[in-house]
Asks: 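Structure below; questions to follow.
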Amino acid sequence: MGPIRGYKKRKKTDRRTEENASGSGSGSAEKDGPLDWWDDFSKRINGIQSSSKSLDKFEHVFRISRRTFNHICSLVKEDMVAKSRDFTFLNGKVLSLHDLVAVALRRLGSGDSLVTVADSFGLNHSTVSQVTWRFVEAMEARGLGHLKWPSSESKITEIKSKFEKIRGLPNCCGVIDTTHIMMLLPSSDPASNVWLDHEKNHSMVLQAIVDPEMRFLDIVTGWPGKMKDSALFQTSNFSKMCEREERLNGKKVQLSEGSEIREYIIGDSGFPLLPYLIVPYNGKELSEPEAEFNKRHSATQMVARRALARLKEMWRIIHGVMWRPDKHRLPRIILVCCMLHNIIIDMEDEAQGDIPVSEEHDSDYQQQICESVDMEGVEVRDKLCLYLSGRLPP
């Protein structure tokens, strides 16, 4: 996943510290349940009237359901409560598990500054920073089950079937795309030039492969935004595994007598044409079958664009321009945002239904063009083109 640092082992604390960290703190969260917790916690949010019976208020603040919130709490509970000191509100009350997760999700989801989040919750801004980072570390350790390449043949078969239903592409296992996380870095620091991309922005790039439901199956992040999509892909573990035939090496599909197609993913023109990565035809003088293939390819590619747009809209800490972020921590924050994106899908959470559907996640960036072509990739693409146009011999 790019240059993401390993996880640090944390010392276990004594039983009393754990009990304090997971205790009620602000309203018997563990004993009385999330409704009583939210009734008390919501009073700390500026402009929100408390009502323990109102689901809309909770979903308005966090844009996830309480069921999803509780699942996230269950994932990080062990690591969040096992800390060497207590986190407290300004009035001295200890933050409960629900409080800790709520603060972190609000910081990641709103994109508001540490000071703004702290003021709205009655906390010190350093507490918000520490709580959010502890949450990121906990999610890294406990949430990876929600972001992984499918391990079962049945799941891969389901993915391929759903992709084919979009616009007919057979045996497609994923869609790849990239987006830029923009940063505001000091121009006076020569080290900042490393992060200056081709659009004159300081940025970090995120590469993602998604399934038909916009779930992230594989990500790479941590590299400077000036790195071309083709270079980023070819340095990725996913690409290396494909070259070793350890990925996209499943069942082939017979298109006609004597003609079959292997597993593959699709990407835009910024990626190389490979036997396992199919990109659209380039040029203005395309044949009718080639133009039709490009239309089907583009319609399927939209899945990845929408996934990245939804990621940035939902987890707004990576949506705008981040002010002087820690470049070692940022890849891990991006990873956790991708995990949370997947958890919402896995939980079939509809609380963020008011977020508009968009394909715009990198509006300030021009389409890259990669000229790298593998002849086996040409053969696979031409075979798909003829099949989709109905011109492949039976």
Side-chain angles (χ1 to χ4, degrees), residues 148-177 207-218 229-230 233 236 238-239 241-283 286-308 345 359 370 372-394:
K148 60 182 180 179
W149 188 260
S151 57
S152 68
E153 184 178 326
S154 61
K155 185 60 181 176
I156 286 287
T157 299
E158 180 185 351
I159 287 173
K160 292 189 287 190
S161 175
K162 289 181 178 180
F163 269 127
E164 188 165 8
K165 288 178 181 178
I166 295 175
R167 288 303 297 271
L169 291 178
N171 227 27
C172 178
C173 297
V175 183
I176 189 170
D177 203 354
Q207 173 189 283
I209 302 175
V210 307
D211 73 6
E213 297 176 310
M214 302 195 297
R215 184 184 287 105
F216 296 118
L217 303 177
D218 184 274
D229 294 349
S230 56
F233 176 74
S236 68
F238 185 90
S239 174
M241 291 180 72
C242 289
E243 290 293 332
R244 296 194 301 264
E245 298 185 352
E246 297 173 359
R247 188 144 292 175
L248 300 179
N249 60 341
K251 289 183 177 180
K252 296 181 179 181
V253 169
Q254 185 168 328
L255 301 180
S256 65
E257 186 65 32
S259 179
E260 57 185 14
I261 197 80
R262 60 165 294 162
E263 290 182 342
Y264 59 91
I265 61 174
I266 68 169
D268 64 27
S269 299
F271 293 94
L273 175 59
L274 300 166
Y276 49 84
L277 174 50
I278 306 303
V279 301
Y281 290 95
N282 284 326
L286 298 180
S287 66
E288 185 177 334
E290 290 171 345
E292 176 61 24
F293 173 83
N294 278 5
K295 288 180 182 179
R296 292 172 180 262
H297 185 286
S298 178
T300 310
Q301 179 77 25
M302 284 294 179
V303 176
R305 296 173 188 168
R306 289 171 180 163
L308 290 172
I345 296 173
E359 295 90 37
C370 177
S372 178
V373 173
D374 183 289
M375 293 312 297
E376 287 187 37
V378 171
E379 181 181 348
V380 173
R381 183 173 65 183
D382 288 346
K383 195 181 296 185
L384 280 170
C385 180
L386 291 173
Y387 168 76
L388 293 172
S389 67
R391 301 187 184 192
L392 196 66

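These values consider heavy atoms only, across backbone and side chains, with no hydrogens, waters or symmetry-generated copies. These figures come from a predicted structure and were not determined experimentally.
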Asks: How long is the straight-line distance from OG of S161 back to CD1 of I156, given to the nearest 0.5 Å?
Replies: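 If I round to the nearest 0.5 Å, the distance is 12.5 Å.
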Asks: Does F271 offer a backbone N or O that forms a donor-acceptor pair with the side chain of D229 under 3.5 Å?
Replies: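 No.
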Asks: Please lay out, stage by stage, how F163 and L169 fare under the test side-chain contact (heavy atoms from CB on, under 4.5 Å).
Replies: CA-CA 7 Å; F163 269 127; L169 291 178; 5.8 Å; no
Asks: Side chain to side chain contact (heavy atoms under 4.5 Å, CB included) with Y276: which of E376, E243, R247, E263?
Replies: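 Going through E376, E243, R247, E263 one by one, the side chain to side chain contact (heavy atoms under 4.5 Å, CB included) with Y276 is satisfied by E243 alone.
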Asks: Start with the C-alpha gap between S259 and Y387, add the side-chain angles, then the distance that decides, and say whether side-chain contact (heavy atoms from CB on, under 4.5 Å) holds.
Replies: CA-CA 10 Å; S259 179; Y387 168 76; over 6 Å; no
Asks: Of the non-hydrogen atoms in V210 and A307, which two are nearest, and what is the gap between them?
Replies: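 Closest pair (atom of V210, atom of A307, distance): CG1-CB, 3.9 Å.
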Asks: If only atom types and distance count, is the side chain of R296 paired as donor or acceptor with the main-chain N or O of R167 below 3.5 Å?
Replies: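 Yes: the side chain of R296 pairs with the backbone of R167.
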Asks: When you look at Y264 and C172, which way does the side-chain contact (heavy atoms from CB on, under 4.5 Å) test go after all the steps?
Replies: CA-CA 5 Å; Y264 59 91; C172 178; 3.7 Å; yes
Asks: Do E164 and K160 sit within salt-bridge range, that is, some charged N less than 4.0 Å from a carboxylate O?
Replies: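 No.
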Asks: Does the side chain of L277 reach to within under 4.5 Å of the side chain of I266, using non-hydrogen atoms?
Replies: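 Counting from C-beta outward, L277 and I266 never come under 4.5 Å.
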Asks: Is the shortest side-chain heavy-atom distance between S269 and N282 below 4.5 Å?
Replies: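 Yes, their side chains come closer than 4.5 Å.
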Asks: For I278, does its backbone N or O pair with a side-chain atom of H297 as donor and acceptor, under 3.5 Å?
Replies: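 Yes, the answer is positive, given that a donor and an acceptor are paired below the 3.5 Å cut-off.
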Asks: Is it the case that over 12 heavy atoms from other parts of the model lie below 6.0 angstrom from the CD atom of Q254?
Replies: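 Result for CD/Q254: enclosed.
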Asks: Is there a side-chain contact between D382 and F293, using heavy atoms and a 4.5 Å cut-off?
Replies: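 D382 does not reach F293 side chain to side chain.
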Asks: Give me the ring orientation class for F233 and F238: parallel if the planes are under 30° apart, tilted from 30 to 60°, perpendicular past 60°.
Replies: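 Tilted, since the angle between the ring planes falls between 30° and 60°.
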Asks: For a 4.5 angstrom cut-off between non-hydrogen side-chain atoms, does P289 reach L388?
Replies: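 The answer is no; the side chains never approach within 4.5 Å.
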Asks: Evaluate the criterion side-chain contact (heavy atoms from CB on, under 4.5 Å) for residue pair I209 and I176; output intermediate values, then yes/no.
Replies: CA-CA 4 Å; I209 302 175; I176 189 170; 3.8 Å; yes
Asks: Side chain of D177, backbone of M302: donor and acceptor closer than 3.5 Å?
Replies: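 Checking the backbone N and O of M302 against the side chain of D177, no donor-acceptor pair under 3.5 Å is found.
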Asks: With a 4.5 Å limit on heavy-atom distance, are the side chains of C370 and V279 in contact?
Replies: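 No, every pair of side-chain atoms sits at 4.5 Å or beyond.
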Asks: Just by distance, do the side chain of N171 and the backbone of R262 share a donor-acceptor pair under 3.5 Å?
Replies: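 Yes, N171 side chain to R262 backbone: donor-acceptor pair under 3.5 Å.
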